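This one's a predicted model, so the numbers in the text were calculated from it and none came from an experiment. Counting convention: from 1, in listed order, for ligands and their atoms alike.
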Amino acid sequence: MKTDLISAQDPAALEAAVACISRGEIVALPTETVYGLAGDALNPAAVAKIFEAKERPNFDPLIVHVGKERKRWVQRLADPDKHTTTLVEQLLRRFWPGPLSILLRKRALVPDIVTAGLPQVALRMPANHLFQTILERCNRPLAAPSANRFGKISPTTAGHVLEELKGRIPLIIDAGPTTIGVESTIIRVHLDYIEVLRPGGVTHEELGEIAPVIDSPRTAIVEAPGQTLSHYAPATPLYFIGREETIPQADRSGLICWGPVRTGQPFALARSLSEVFDLREAAARLFCTLREMDKAGVDRIYVEPLPEEGLGRAIMNRLRRAASLDE
Ligand code: TXA
Ligand code: MG
């Protein structure tokens with residue numbers, strides 16, 4: 001299959017994406033978090049193409065993206081528990097459009113293939129203008145996982161998508177690097193607290209302004225099969241390293257710093273997620289830095305831990321998953 005790459009600036013981009021989706025094809029689109037591989041969520045055959053292109057096991061459910069008419073879409077797709085509707089409504093008003101995916105009991109309209117047979121569907125309203133326009137034009141919800149092969153690092157540029165899915169999908173819309181850089185936060189809402197299944201672009205601190213927040217226990221993570229530990233993995237083994245620690249064979253290793261790039265040891269490649277300890281900048285650079293390390297062909301990647309606050313939680317979550325592969 002030939003894969004077209006069209007700039008989001010090109011007036012043809014919108015039409016091409018809408019035409020693709022309307023005929024049951026799939027398209028890689030930018031969101032504010034990472035690039036997604038989008039298809040009509042109400043068309044099981046289109047959704048099946050997403051699984052196929054990603055080589056994603058069919059037990060791993062997809063997030064459904066909805067357009068601006070929040071209430072209409074939530075009502076059509078989900079049947080929220082009446083005990084939690086007030087809290088859900090507060091969260092959606094505050095964080096949509098944005099990097100928050102919320103699990104709600106699904107209605108029959110949502111095909112089982114989308115939720116992998118699970119009773120809940122993850123809904124999110126992305127904060128990307130083009131994506132929003134496409135949602136409006138198609139007048140359909142769009143299922144969209146990150147546009148990478150299963151188990152690999154999420155793409156934050158159209159170039160990353162091309163590396164992952166060239167020849168497997170008909171179209172990629174290029175809108176430059178994504179702004180947030182880590183995926184959405186996935187939550188489940190309870191009577192009086194919020195359970196976080198995947199930390200992401202909306203922080204615990206922000207959610208905590210609405211209701212108490214707990215991290216999902218591991219059992220709940222197993223319930224969402226895509227949350228397996230070996231996710232978000234670069235090909236190269238990854239280890240954490242203290243700022244003062246020295247490394248054997250630094251000359252064959254890559255180093256990812258938190259703060260100024262340290263000197264003293266001759267690393268093959270050294271990068272900083274943020275020279276000025278800015279967690280937003282670090283999130284935006286995380287996945288492309290991991291890809292750069294993979295491409296450089298280093299034997300090992302060493303990473304300095306980041307503080308587990310704000311976006312640091314999502315970043316450390318992804319890094320731990322990357323590190324676990326080699327344990
Ligand atoms: O920022 C994001 O969330 C991006 C952009 C494209 O929107 N999407 C994304 O999708 O990261 P994906 O498929 O790569 O990760 C979604 C995770 C998966 O691990 C999946 O297991 C979980 O969400 N998930 C989706 N639907 C679920 C459901 N109904 N129940 C439990 N977990 C679910
Ligand atoms: Mg993914």
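Against a heavy-atom cut-off of under 4.0 Å, Arg56 is close to the following atoms of ligand 1: 12 (P), 13 (O), 14 (O), 18 (C), 20 (C). Atoms of ligand 1 found under 4.0 Å from any heavy atom of Glu183 (numbered from 1 in listed order, with element): 1 (O), 2 (C), 11 (O). Listed by number with element, the atoms of ligand 1 under 4.0 Å from a non-hydrogen atom of Leu103 are 27 (C), 28 (C), 29 (N), 30 (N), 31 (C). Below 4.0 Å from some heavy atom of His65 lie the following atoms of ligand 1, by number and element: 5 (C), 7 (O). Close contacts of ligand 1 with Gln120, meaning ligand atoms under 4.0 Å from a residue heavy atom, involve 28 (C), 29 (N). The contact set between ligand 1 and Ala144, taken as ligand atoms under 4.0 Å from a residue heavy atom, comprises 6 (C), 8 (N), 10 (O). Taking a cut-off of under 4.0 Å to the non-hydrogen atoms of Thr33, the atoms of ligand 1 that pass are 1 (O), 2 (C), 4 (C), 5 (C).
You'll find the side chain of Leu123 stays beyond 4.5 Å of the side chain of Leu103, heavy atoms only.
A donor-acceptor contact closer than 3.5 angstrom is absent between the side chains of Ser216 and Arg188. Between the side chains of Ser22 and Arg140, not a single donor N or O lies within less than 3.5 Å of an accepting N or O.
In this comparison of Pro61, Ala28, Gly200, Gly36, the heavy atom closest to atom 27 (C) of ligand 1 sits on Pro61. With Ala122, Pro155, Ser146 as candidates, the residue nearest to atom 14 (O) of ligand 1 on a non-hydrogen basis is Ser146. Of all the listed residues (Leu123, Val114, Val34, Ile186), Val34 holds the heavy atom that lies closest to atom 4 (C) of ligand 1.
Residue Ser101 places no N or O, backbone or side chain, under 3.5 Å from any N or O of ligand 1. Remark: ligand 1 and Asp60 share an N or O pair separated by less than 3.5 Å (distance only, no angle test). Taking only nitrogen or oxygen atoms, main chain and side chain alike, Ser184 reaches within less than 3.5 Å of ligand 1.
With a 4.0 Å cut-off on non-hydrogen atoms, Arg198 touches ligand 1 through its side chain and not its backbone.
A salt bridge does not link Glu52 to Arg168: none of the charged nitrogens lies less than 4.0 Å from a carboxylate oxygen. A salt bridge links Glu304 to Arg243: at least one charged side-chain nitrogen sits closer than 4.0 Å to a carboxylate oxygen. Of the charged side-chain nitrogens involved, none lies within less than 4.0 Å of a carboxylate oxygen, so that Arg262 and Glu245 do not count as a salt-bridged pair. A salt bridge is defined here as a Lys NZ or Arg NE, NH1 or NH2 lying under 4.0 Å from an Asp or Glu carboxylate O, and Arg313 with Glu309 fails to meet this definition. Taking 4.0 Å as the cut-off between side-chain N and carboxylate O, Lys49 and Glu25 count as a salt-bridged pair.
Using 4.0 Å as the threshold, Pro99 has no heavy atom nearer than that to any atom of ligand 1. Using a 4.0 Å cutoff on heavy atoms, Lys106 does not count as a contact of ligand 1.
Grouping Ile, Leu, Val, Met, Phe, Trp and Tyr by side-chain contacts under 4.5 Å, direct or through others, puts Val18 with Ile6, Leu14, Ile21, Val27, Leu29, Leu130, Phe131, Ile134, Leu135, Leu142, Leu171, Ile173.
For Arg56 (side chain) and Arg149 (main-chain N/O), no donor-acceptor pair under 3.5 Å exists by modelled atom type.
Put simply, Ser146 gets within reach of the Mg ion (ligand 2), with an N, O or S atom under 2.8 Å from it.
Applying the ring-ring contact (aromatic ring centres under 6.0 Å, His included) test to pairs two or more places apart or on separate chains, none has a residue in residues 85-108.
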